[in-house]
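Remember, it's a predicted structure, so these values are computed and weren't measured experimentally.
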Amino acid sequence: ESEFLARVAINTPPLAVVTMDAEANVSIDFSTPQPDYSYALEHSDSLLPGSWNPVPNARLESIDDLYRFSTVKLANDDSYFRVAMSRPPPRVYFSEDFENGAEGWTAFTTVGDTEWELGKPLTQDLTEAHSGENVYGTDLDAPYGNDVDLVLRAPVIDLKGANHHTELAFWYHVDTSVVDTADRKEGVWLTILDEAGDTIHDIDKVLWGSSKNWNAWNTSIPEAALDRKIILQWRLLSDDREANGAGFFLDDVIVHQKTP
């Protein structure tokens, strides 16, 4: 059995089997540069594809700079063993679908008489949330006003340990004029702030025009915002010269680590 075990415990980078023992119980020591991966001890009676199964109650422990799988000897002495590794699920730093309120969110009007509202949208082109029932929108059932400045901020998001695979994604519906001149601006600007509310990064893309339906939007979190606490801010500005549309509606916000 020891020989069979040695043959199937092949070193597959980046995992390397160091020692093996199957005289009394089964014990496999291995090293890996990926300690955040998931590991499982598997066995097979034939080595055929599809014949590998997890070993029940296999114990994994850390010993110095190695890891050790151990288990009782199986009834079938001809069993083969291997250590299987898999990527951990992507880390989610923040998510919000507004179905349980909007704890920690801040909405305020700097100029004008329009306010951000939380609930079910009831506009001509939008009567349903992207998921569930609720969204955050610039007035749920009426056009936004002229010459307004409306700010919506997410709670503080801790990106400690986040790497360059970290992404912001959300769904939005927009119905505004398209205006961006020296003295006139209209649309929604997205900014990443630090914990104190100071700007870290302005997203270049302006959300404006008429989307008709829900649209997906995503971007990588810039390096300056990684490994720190941040606040996401959506800001709608309008001028005082044109008829206005329904405004901007937000749903299903997530900040997560993408799979490389």
Side-chain angles (χ1 to χ4, degrees), residues 1-97 99 130-132 157-171 214-223 225-228 251-260:
E1 181 184 0
S2 296
E3 291 182 356
F4 288 145
L5 181 63
R7 288 182 199 166
V8 299
I10 300 172
N11 293 349
T12 305
L15 185 151
V17 172
V18 178
T19 62
M20 299 159 288
D21 179 31
E23 293 300 326
N25 294 311
V26 176
S27 176
I28 300 179
D29 292 350
F30 64 96
S31 64
T32 174
Q34 304 287 353
D36 57 332
Y37 275 40
S38 297
Y39 294 89
L41 182 62
E42 298 180 342
H43 73 98
S44 168
D45 295 335
S46 64
L47 294 180
L48 294 175
S51 68
W52 292 96
N53 295 292
V55 175
N57 303 317
R59 179 183 178 187
L60 178 62
E61 56 186 326
S62 176
I63 302 176
D64 297 327
D65 58 346
L66 299 176
Y67 293 88
R68 173 176 295 169
F69 263 123
S70 57
T71 185
V72 297
K73 207 167 185 177
L74 300 181
N76 185 355
D77 284 344
D78 293 328
S79 288
Y80 301 86
F81 294 86
R82 71 179 183 184
V83 175
M85 60 185 296
S86 59
R87 294 181 183 274
R91 181 174 177 181
V92 176
Y93 295 94
F94 175 80
S95 66
E96 180 63 78
D97 61 8
E99 295 310 300
H130 174 257
S131 69
I157 302 169
D158 190 353
L159 294 184
K160 182 175 178 58
N163 59 29
H164 64 279
H165 295 296
T166 305
E167 175 188 72
L168 162 66
F170 58 84
W171 287 82
W214 284 102
N215 290 266
W217 194 91
N218 61 77
T219 186
S220 295
I221 298 293
E223 184 175 356
L226 297 175
D227 202 28
R228 65 189 300 176
D251 203 1
D252 295 329
V253 182
I254 186 170
V255 179
H256 65 139
Q257 183 174 314
K258 299 179 294 182
T259 302

Side chain to side chain contact (heavy atoms under 4.5 Å, CB included) between Phe69 and Leu60, worked out:
CA-CA 5 Å; Phe69 263 123; Leu60 178 62; 3.6 Å; yes
Give the C-alpha distance, both sets of side-chain angles, the deciding distance and a yes or no for side chain to side chain contact (heavy atoms under 4.5 Å, CB included) between Trp217 and Leu168.
CA-CA 8 Å; Trp217 194 91; Leu168 162 66; 4.1 Å; yes
Should Gln257 and Tyr93 be marked as a side chain to side chain contact (heavy atoms under 4.5 Å, CB included) after you check the CA-CA gap, both sets of side-chain angles, and the distance that decides it?
CA-CA 8 Å; Gln257 183 174 314; Tyr93 295 94; 3.8 Å; yes
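Note that the CG atom of Asn25 and the OG1 atom of Thr71 stand 7.5 Å from one another [nearest 0.5 Å]. With rounding to the nearest 0.5 Å, the separation of OG1 in Thr19 from CZ in Arg68 is 6.0 Å. A distance of 11.5 Å separates CD of Glu223 from OG1 of Thr166, quoted to the nearest 0.5 Å. In this structure, Trp52 CH2 and Ser46 OG are separated by 8.5 Å, a value rounded to the nearest 0.5 Å. Note that the OG atom of Ser38 and the CZ atom of Arg87 stand 11.5 Å from one another [nearest 0.5 Å]. To the nearest 0.5 Å, atoms OH (Tyr80) and CG (Leu48) are separated by 9.5 Å.
The two residues Ser27 and Asp29 make their nearest non-hydrogen contact at OG-OD1, 4.1 Å. The shortest heavy-atom contact between Thr32 and Tyr39 is OG1-OH, 2.6 Å. What you find for Val17 and Met20 is that their closest heavy atoms are CG1-CG, 3.6 Å. When every heavy atom of Pro35 is checked against every heavy atom of Tyr67, the shortest pair comes out as CB-OH, 3.3 Å. Counting all heavy atoms, side chain and backbone alike, Pro54 lies closest to His43 at O-CD2, 4.0 Å.
Residues Ser220 and His164 fail the side-chain proximity criterion, which asks for heavy atoms closer than 4.5 Å. Side-chain atoms of Phe81 and Glu42, non-hydrogen and from C-beta on, never get closer than 4.5 Å to each other. With contacts defined as side-chain heavy-atom distances shorter than 4.5 Å, the pair His165/Pro90 does not qualify. The side-chain heavy atoms of Arg228 and Leu159, taken from C-beta on, include no pair separated by under 4.5 Å.
Dense packing is recorded around CD of Glu99, with more than 12 heavy atoms of other residues, nucleotides or ligands lying under 6.0 Å away.
Tested against Glu167, the residues Val255, Asn218, Ile221, Thr219 include a single side-chain contact (heavy atoms from CB on, under 4.5 Å) partner, Asn218.
Of the possible donor and acceptor atoms, none in the side chain of Asp45 sits under 3.5 Å from a partner among the backbone N and O of Ser79. Panel note: side chain Asp251, backbone Ser131; a donor-acceptor pair is recorded below 3.5 Å.
Taking the six-membered ring where tryptophan is involved, the planes of His130 and Trp214 are perpendicular, since the angle between them exceeds 60° and thus also 30°.
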